[in-house]
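All values below come from the heavy atoms of this structure, side chains included, with hydrogens, waters and symmetry mates left out. Values in this document were obtained by computation on a predicted structure and should not be read as measured data. Quick note on labels: first sequence line is chain A, next is B, and so on, each numbered from 1.
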2 protein chains.
Amino acid sequence: MSRNVAGPEIEQLIQLLARLPGLGPRSARRAALHLIKKKDQLMTPLAAAMTRARDMIIVCETCASVDTTSPCAICSDPRRDPSVICVVEEVGDLWALERAAVIKGRYHVLGGTLSPLDGVGPEELNIDKLVERAKSDEVTEIILALNATVEGQSTAHYLMDRLEECDATISQLAHGVPVGGELDYLDEGTLAAAIKARKIL
Amino acid sequence: MSRNVAGPEIEQLIQLLARLPGLGPRSARRAALHLIKKKDQLMTPLAAAMTRARDMIIVCETCASVDTTSPCAICSDPRRDPSVICVVEEVGDLWALERAAVIKGRYHVLGGTLSPLDGVGPEELNIDKLVERAKSDEVTEIILALNATVEGQSTAHYLMDRLEECDATISQLAHGVPVGGELDYLDEGTLAAAIKARKIL
């Protein structure tokens with residue numbers, strides 16, 4: 001900022017807010033003002049929620065998701081099918097699948113994708129633990145639910161190699177036209193995948 | 001959210017973050033995950049900054065800006081020209097003018113615009129205090145720096161009536177083509193104002 005206009009306390013609040021994804025310097029200023037205006041209704045409870053989250057949230061030792069218990073609520077839920085492990089890149093992907101309520105089994109969070117140029121090798125990801133879990137006789141299917149990006153797909157290929165010795169079936173998400181999607185707006189790769197995987201009616 | 005996927009602590013954090021301007025439910029989830037990932041580097045200092053801001057920030061009794069002192073740093077700065085008062089709608093507008101460093105005088109924050117339909121009359125805004133400040137012999141100019149919206153301009157008209165008895169000159173921001181603006185993208189109102197206020201070279 002060209003000039004400190006608002007005192008060090010507000011400036012610091014703005015600068016920290018600007019580090020949240022989705023907020024730039026301008027929207028961070030708006031957010032800070034909104035917080036100052038709504039001191040009791042928003043700033044106080046948000047600060048408390050952050051402090052509480054910081055103190056209580058831990059990483060699940062089984063699947064590497066975040067929760068207040070370890071194993072997390074999903075890993076320790078007896079109604080979850082222990083024979084299916086759904087592998088995702090990030091906790092946000094796990095949340096998305098949970099909102100869709102499409103996975104009856106449990107999850108495994110890798111913590112990213114392989115990216116040799118950025119120094120992210122297999123050791124940086126939560127892969128050894130996945131191989132260990134996959135070796136259990138209980139596990140019959142591993143669903144690779146990685147992003148349909150170059151990084152996601154090359155990580156999926158690496159995982160297939162690593163999981164070769166397991167008895168479990170390895171599957172991955174179907175590619176195709178998104179539900180509600182219009183062909184005219186889809187890229188060629190998606191269209192090609194949708195044609196290739198077309199279903200006979 | 002269709003299903004509580006992340007435990008009450010994280011859900012509450014997401015819901016509070018979603019109340020910030022600029023963050024919707026989706027970006028609030030991303031922000032929450034980012035905070036959880038950056039516990040020590042971001043979540044802890046942000047919670048502390050909010051708590052500190054909440055405890056320290058007060059409204060200036062002179063101009064109604066926010067600061068940790070009252071009168072605020074600007075109102076109590078002896079280098080500021082006491083003869084000019086720049087009237088703005090919100091604290092964010094004051095910050096924008098301060099970043100541009102174009103006001104040598106002091107400010108007066110109205111706290112909004114007149115909006116009879118929303119029940120915002122002159123009593124709801126910080127207008128009486130402005131009239132009182134304007135009556136001081138020290139004050140020679142009042143700059144109405146309100147937004148160029150219908151609400152901002154009708155509030156400016158109302159203020160001109162209320163300030164009629166003061167000896168100070170009353171001015172308002174020029175309308176015209178924004179610096180760097182392309183005519184093709186400007187609305188008719190701006191173009192008309194720019195032509196009307198054209199300068200002879």
task = Ignoring hydrogens and angles, tell me if any N or O in the side chain of B:K39 forms a donor-acceptor pair with the backbone of A:I57 under 3.5 Å.
result =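 A pair under 3.5 Å: yes.
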Indicate the atoms forming the closest heavy-atom contact of [X] with [Y], along with that distance.
X	Y	answer
B:A53	A:L13	CB-CD2, 4.1 Å
B:L16	A:A49	CD1-CB, 3.7 Å
A:H34	B:R19	NE2-O, 3.4 Å

Is it the case that over 12 heavy atoms from other parts of the model lie below 6.0 angstrom from the [atom1] atom of [X]?
X	atom1	result
A:H175	NE2	yes
A:D167	CG	no
B:K38	NZ	no
A:D187	CG	yes

inquiry  = Measuring only between side-chain heavy atoms, which start at C-beta, is B:L42 closer than 4.5 Å to A:L20?
reply    =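 Of all side-chain heavy-atom pairs linking A:L20 with B:L42, at least one is under 4.5 Å.
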ask   = Is there side-chain contact between B:R54 and A:L46, with heavy atoms separated by less than 4.5 Å?
value =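 No, side chains not in contact.
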What part of [X] gets within 4.5 angstrom of chain B, counting heavy atoms only: side chain, backbone, both, or neither?
X	answer
A:K37	side chain
A:A73	neither
A:M43	both
A:T44	both

message = For the interface with chain A, which of B:S65, B:G24, B:A47, B:P21 has the highest count of heavy-atom pairs at distances below 4.5 Å?
response =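 The option with the most such pairs is B:P21.
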task = Carefully, step by step, assess A:I10 and B:R52 under the rule side chain to side chain contact (heavy atoms under 4.5 Å, CB included).
result = CA-CA 9 Å; A:I10 302 180; B:R52 201 164 49 244; over 6 Å; no
Gap between atom CH2 of A:W95 and atom CZ of B:R26 - 0.5 Å precision =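 One finds 12.5 Å between CZ of B:R26 and CH2 of A:W95.
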query = Salt bridge between A:E90 and B:R30, side-chain N to carboxylate O under 4.0 Å?
reply =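 Judged by the 4.0 Å cut-off on N to carboxylate O distance, A:E90 and B:R30 do not form a salt bridge.
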key: Residue selection (most heavy-atom pairs with chain B, distance under 4.5 Å) from A:T69, A:T51, A:I36   =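 Result: the option with the highest number of such pairs is A:I36.
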